[in-house]
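Structure first, commentary second.
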Protein chains: 2
Amino acid sequence: MPNVYRALGDATRRQILSMLKQGCKTQKEIVEAFDISQPGIKKHLNILLEEGIISESLNGKYRIYSINLNILQIASHEMLQYIGELLDDQLVSLKNYVEKGEFRDEEE
Amino acid sequence: MPNVYRALGDATRRQILSMLKQGCKTQKEIVEAFDISQPGIKKHLNILLEEGIISESLNGKYRIYSINLNILQIASHEMLQYIGELLDDQLVSLKNYVEKGEFRDEEE
DNA sequence: ATTTTATATAACCGAACAGTTATGTAAAAA
DNA sequence: TTTTTACATAACTGTTCGGTTATATAAAAT
């Protein structure tokens with residue numbers, strides 16, 4: 001099961017995910033958006049891949065990355081539940097709202 | 001500002017916080033609840049202290065730890081907002097619900 | 001056919017982490 | 001006063017992480 005803390009625990013990875021939320025991106029595009037070397041970015045992408053939060057596909061010489069919102073949702077479930085329990089019932093009911101399936105599956 | 005990812009990113013620390021949610025605990029009590037050495041537990045407590053998620057107080061030879069729910073709430077705010085933005089509007093409205101101040105301040 | 005482009009991979013670095021053992025210290029109990 | 005108890009601290013280990021440079025490779029463009 002994906003480790004959301006690991007995946008989201010780094011600011012660069014969060015920015016990458018925000019980029020991918022706007023649409024699929026080439027590795028090159030991602031690299032150009034940061035002041036980090038290509039292998040450095042690739043490591044972040046590998047961690048997101050390991051955690052299943054993003055997917056990779058090939059197109060000629062390009063690597064295309066996309067975000068897996070459904071998996072991210074499932075993955076954050078446990079975390080939201082835990083925080084909800086700590087922060088008490090208000091957040092829990094809030095979490096229940098999420099769990100009731102009110103999400104639309106953007107990734108289809 | 002507290003790094004929630006760091007604080008909550010470890011299972012032992014999450015268990016410690018769950019314990020403290022039930023009430024203040026002595027370091028001894030916490031140590032006894034885990035199969036980890038006393039210095040090992042102390043390191044986790046120090047990280048939670050660094051992030052401001054828990055507080056420490058002295059009582060004779062005892063160290064008493066308590067959870068700072070208010071700070072945890074403020075700290076998770078950003079994280080919840082970010083995840084909300086990724087997981088789209090349903091979660092955002094959910095997050096707004098939290099932000100509207102619907103939390104009661106258990107720690108007063 | 002050669003060069004450029006997009007990416008992969010290896011090797012390295014310093015810092016942080018999770019854990020340990022060993023030892024010191026201060027409060028409480030005997 | 002001696003011993004026990006609760007905790008602090010230092011030093012060490014192995015692993016992961018975020019970053020780098022250097023180099024290889026495969027596709028595309030020239």
Side-chain angles (χ1 to χ4, degrees), chain A residues 1-20 22-67 72 75 79 82, chain B residues 1-20 22-67 75 78-79 82:
Chain A
M1 35 208 72
N3 184 342
V4 192
Y5 299 103
R6 184 187 183 218
L8 303 187
D10 178 88
T12 301
R13 285 197 288 276
R14 289 195 293 275
Q15 283 183 251
I16 290 176
L17 290 180
S18 295
M19 281 188 70
L20 294 181
Q22 307 301 111
C24 299
K25 294 279 177 297
T26 289
Q27 186 181 128
K28 192 204 166 202
E29 296 179 282
I30 301 174
V31 169
E32 283 172 349
F34 295 88
D35 199 31
I36 297 177
S37 66
Q38 177 258 324
I41 292 293
K42 176 62 177 160
K43 285 196 177 183
H44 286 299
L45 292 170
N46 280 339
I47 287 179
L48 292 170
L49 283 167
E50 280 173 36
E51 300 301 338
I53 307 294
I54 66 173
S55 292
E56 205 183 44
S57 77
L58 253 158
N59 188 334
K61 67 175 164 179
Y62 294 94
R63 293 275 158 179
I64 295 167
Y65 294 92
S66 56
I67 190 169
L72 184 59
M79 186 182 62
Y82 172 73
Chain B
M1 34 208 74
N3 184 342
V4 192
Y5 299 104
R6 182 188 184 215
L8 304 186
D10 178 87
T12 300
R13 284 196 288 275
R14 290 194 292 275
Q15 284 182 252
I16 290 176
L17 290 180
S18 295
M19 281 188 71
L20 294 181
Q22 305 303 111
C24 298
K25 293 279 178 297
T26 289
Q27 185 181 127
K28 191 202 166 200
E29 296 179 283
I30 300 175
V31 169
E32 283 171 349
F34 295 88
D35 201 31
I36 297 178
S37 67
Q38 175 257 325
I41 291 294
K42 177 61 178 161
K43 286 197 178 184
H44 286 298
L45 292 171
N46 280 339
I47 287 178
L48 292 170
L49 283 167
E50 279 174 35
E51 300 301 336
I53 307 293
I54 66 174
S55 292
E56 204 183 44
S57 76
L58 254 159
N59 187 335
K61 67 174 164 179
Y62 294 95
R63 292 274 157 178
I64 296 168
Y65 294 93
S66 56
I67 190 170
E78 251 193 31
M79 186 182 60
Y82 172 73

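Predicted model only: the values in this text are computed from it and were never measured. By convention in this document, chain letters (A, B, ...) are assigned in the order of the sequence lines, proteins followed by strands, and residues within each chain are numbered from 1.
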(request) To the nearest Å, give me how far apart CG (Leu45(A)) and P (dA8(C)) are. (result) 9 Å
(request) Would you mind listing every side-chain hydrogen bond (donor to acceptor under 3.5 Å, both in side chains) that reaches into residues 10-19 of chain B, with sequence neighbours excluded? (result) Arg13(B)-His44(B)
Pick out the pairs of N or O atoms, protein on one side and nucleotides 13-18 of chain D on the other, that lie under 3.5 Å.
unit_1: dC17(D); atom_1: OP1; unit_2: Arg6(A); atom_2: NE; d: 2.5
unit_1: dC17(D); atom_1: OP1; unit_2: Arg6(A); atom_2: NH2; d: 2.9
unit_1: dG18(D); atom_1: OP1; unit_2: Arg13(A); atom_2: NH1; d: 3.4
unit_1: dG18(D); atom_1: OP1; unit_2: Arg13(A); atom_2: NH2; d: 2.9
unit_1: dG18(D); atom_1: OP2; unit_2: Arg13(A); atom_2: NH1; d: 2.9

(request) Check if the side chain of Gln38(A) and the base of dA6(C) share a donor-acceptor pair of N or O atoms closer than 3.5 Å. (result) no
(request) Could you tell me whether the side chain of Glu51(B) and the main chain of Asn3(B) form a donor-acceptor pair under 3.5 Å? (result) yes
(request) Nearest whole angstrom, please: distance from the C1' of dT20(D) to the CZ of Phe34(A). (result) 17 Å
(request) Determine, stepwise, if the pair Ile53(A) / Leu8(A) fulfils side-chain contact (heavy atoms from CB on, under 4.5 Å). (result) CA-CA 10 Å; Ile53(A) 307 294; Leu8(A) 303 187; 5.5 Å; no
(request) Calculate the interatomic distance between Leu8(B) atom CG and dC17(C) atom P; express it in whole Å. (result) 14 Å
(message) Could you work out, with side-chain contact (heavy atoms from CB on, under 4.5 Å) as the rule, every residue matching Thr26(A), not counting sequence neighbours?
(response) Lys28(A), Glu29(A), Tyr62(A), Ile64(A)
(request) Kindly give the heavy-atom pair with the smallest separation between Leu20(B) and Ile67(B), and that separation in Å. (result) O-CG2, 3.8 Å
(request) Would you mind reading off the distance between Lys28(B) atom NZ and dA27(C) atom P, rounded to a whole angstrom? (result) 18 Å
(message) In whole Å, I'd like the distance from the CD1 atom of Ile16(B) to the P atom of dA18(C).
(response) 11 Å
(request) Kindly write out the residues that satisfy side-chain contact (heavy atoms from CB on, under 4.5 Å) with Glu50(B), not counting sequence neighbours, or none if the list is empty. (result) Arg6(B)
(request) Would you kindly give the CD1-to-C1' distance between Ile41(B) and dA6(D), to the nearest whole Å? (result) 14 Å
(message) Tell me which residues in residues 58-65 of chain B lie within less than 4.0 Å of DNA chain D, going by non-hydrogen atoms.
(response) Lys61(B), Tyr62(B), Arg63(B)
(request) Check whether any side-chain nitrogen or oxygen of Gln27(A) sits under 4.0 Å from OP1 or OP2 of dA8(C), and answer yes or no. (result) yes
(request) Identify the heavy atoms of Ile30(B) and Ile41(B) that sit nearest to each other, and give their distance. (result) CG2-CG2, 3.8 Å
(message) Rounded to whole Å, how long is the line connecting atom CZ of Arg14(B) with atom C1' of dA18(C)?
(response) 14 Å
(message) For Lys42(A), give me all partners under salt bridge (Lys or Arg N to Asp or Glu O under 4.0 Å), at least two apart in sequence or on another chain.
(response) Glu56(A)
(request) Please round to the nearest 0.5 Å and tell me the distance separating atom CZ of Phe34(B) and atom CD1 of Ile16(B). (result) 5.0 Å
